[in-house]
Each structure stands twice: as C-alpha cells, then as structure tokens.
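Everything numeric in this text was worked out from a predicted model, so none of it was measured.
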Amino acid sequence: MSAPFVAREMTRQDARRTFALVEAVRPDISLDAWLTHIDRVLAGARTHGAVAGAIVLTAGDRYVYGAFTYSPWTTLALGRTLMVDDFCALGLAGERAPVKALFDAADRLAVQQSCQSVCVKFLDGDRTERAWHTHPDAAAYFPIPALAKRID
C-alpha cells in the first residue's frame, strides 16, 4: 500500500524536520547550514517576477519523504524554466513512489508558474540522477548538466 503523499510549501518548522532526510543524503551538510539556506529561500527572494520557495513531501504529516527548493528562471535553451534544486527523496527499502511524487509536484508547480520546462539538480549530486535514468518516467527528461523536462 502506497502512502498518500502531500507536497506543500515548506515552513521553517518543516525545514528542521526535513534535515533528517538531508543528513541521510548528504551527511556533510550541517543543521546550521541547512537552516540558513532554507531561511534565505523562504525569505521570498524574487527571481524574474516569481517567488522562490521550497516544497516538502510528507505522508500523514508525520514522516518527511522528500523536499526541494525552486525558483523560476528564463534560459536560452529551455525558455521559462522551473529550476528545482536540493532535490532529495527517500522511500523505504528502495521504494520509488516518493521520488515520483516529488517529480510530479515539480511538474505541477512548473505549470502554476507558467514554465515550459523543469530543470532538476539533486542534493546528492549524480547518484540520484543515475538511479533516476533507470526509472520508466525518465524518458521524459533529457540530460543537461542537470535533468530537464519540457512541460507540454
């Protein structure tokens, strides 16, 4: 049975809860560094007329399965693009549902932000990117120095 995932805007309280996930993926990032980074994101820095932010993926509001930060940009190659950064998602025993749910959340957010593309940079570097290319949904993405997907 899959968990009923909820992707929503991250709060400062969520940022502290999300650190356990961040630490599991990147143990070299300290709590202070993570909270400082998220505080800057949540401060509402404006980029190209749209607000940057962060998304947290939960199930039952108890367990954090994933998170990412985002900001819309305009790029020459992709047009208006939702730049997703700090993407991290973990399921139990290799479960891929949280990763898919987080990608789906990025796609929905891109549409809401009037973006034509989504570019994803993983918090743990290329480890998740290599694993993602084995996922059936990976065909919709094409490689650049991160992953990008056109929104049709």
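The structure places CG of Leu82 at 9.0 Å from CG of Asp107, a figure rounded to the nearest 0.5 Å. One finds the NE2 atom of His37 at 6.0 Å from the CG atom of Asp85 (value rounded to the nearest 0.5 Å). Between Glu9 atom CD and Ile55 atom CD1 the span is 4.0 Å, to the nearest 0.5 Å. Rounded to the nearest 0.5 Å, atoms CE (Met10) and CZ (Arg16) are 13.0 Å apart. In this structure, OG in Ser30 is found 8.5 Å from CG in Leu35, a value given to the nearest 0.5 Å.
The closest donor-acceptor contact from the side chain of Arg12 to the backbone of Ile38 lies at 3.5 Å or more, if one exists at all. Judged purely by atom type and a 3.5 angstrom limit, Asp39 has no side-chain atom pairing as donor or acceptor with the backbone of Thr36. At distances below 3.5 Å, at least one donor-acceptor pair connects side-chain atoms of Ser117 with backbone N or O atoms of Leu78. A donor-acceptor pair is defined here as one N or O able to donate and one able to accept, closer than 3.5 Å; no such pair exists between the side chain of Trp34 and the backbone of Ile29. With hydrogens and angles disregarded, no donor-acceptor distance shorter than 3.5 Å links the side chain of Ser71 to the backbone of Met83.
In terms of hydrophobic clustering, with Ile, Leu, Val, Met, Phe, Trp and Tyr side chains grouped at heavy-atom distances under 4.5 Å, Leu31 and Leu42 are assigned to a common cluster.
Contact record, Gln116 with Gly79: OE1-C, 3.8 Å, taken as the closest heavy-atom pair. Across all non-hydrogen atoms, the minimal contact from Thr18 to Ala67 is CG2-CB, 3.6 Å. Listed here is the closest heavy atom pair of Arg8 and Arg17: NH2-NH1, 4.1 Å. What you find for Cys88 and Leu102 is that their closest heavy atoms are O-CD2, 3.4 Å. Of all non-hydrogen atoms in Arg80 and Ser114, the two that sit nearest each other are CD-O, 3.2 Å. Phe5 and Leu57 get closest at one heavy-atom pair: CB-CD1, 3.6 Å.
Contact annotation: the side chain of Val56 approaches that of Val64 to within less than 4.5 Å [non-hydrogen atoms, C-beta and beyond]. Between Thr74 and Thr81, the closest side-chain pair of non-hydrogen atoms is not below 4.5 Å.
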Could you walk me through whether Leu21 and Leu90 pass side chain to side chain contact (heavy atoms under 4.5 Å, CB included), step by step?
-> CA-CA 7 Å; Leu21 173 67; Leu90 290 177; 3.3 Å; yes
Would you check, one step at a time, whether the test salt bridge (charged side-chain N to carboxylate O under 4.0 Å, His left out) holds for Lys100 with Asp104?
-> CA-CA 6 Å; Lys100 178 159 181 12; Asp104 290 347; 3.1 Å; yes
Verify side chain to side chain contact (heavy atoms under 4.5 Å, CB included) between Val120 and Phe103, making sure each step is shown before the conclusion.
-> CA-CA 9 Å; Val120 178; Phe103 269 101; 3.7 Å; yes
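Taking the six-membered ring for Trp and thresholds of 30 and 60 degrees, Tyr70 and Phe68 have ring planes more than 60 degrees apart, a perpendicular arrangement. A perpendicular orientation is assigned to the rings of Phe122 and Phe87, their planes being inclined by more than 60° (bins at 30° and 60°).
Salt bridge annotation for Lys121-Asp86: absent, with no cationic side-chain nitrogen under 4.0 angstrom from a carboxylate oxygen.
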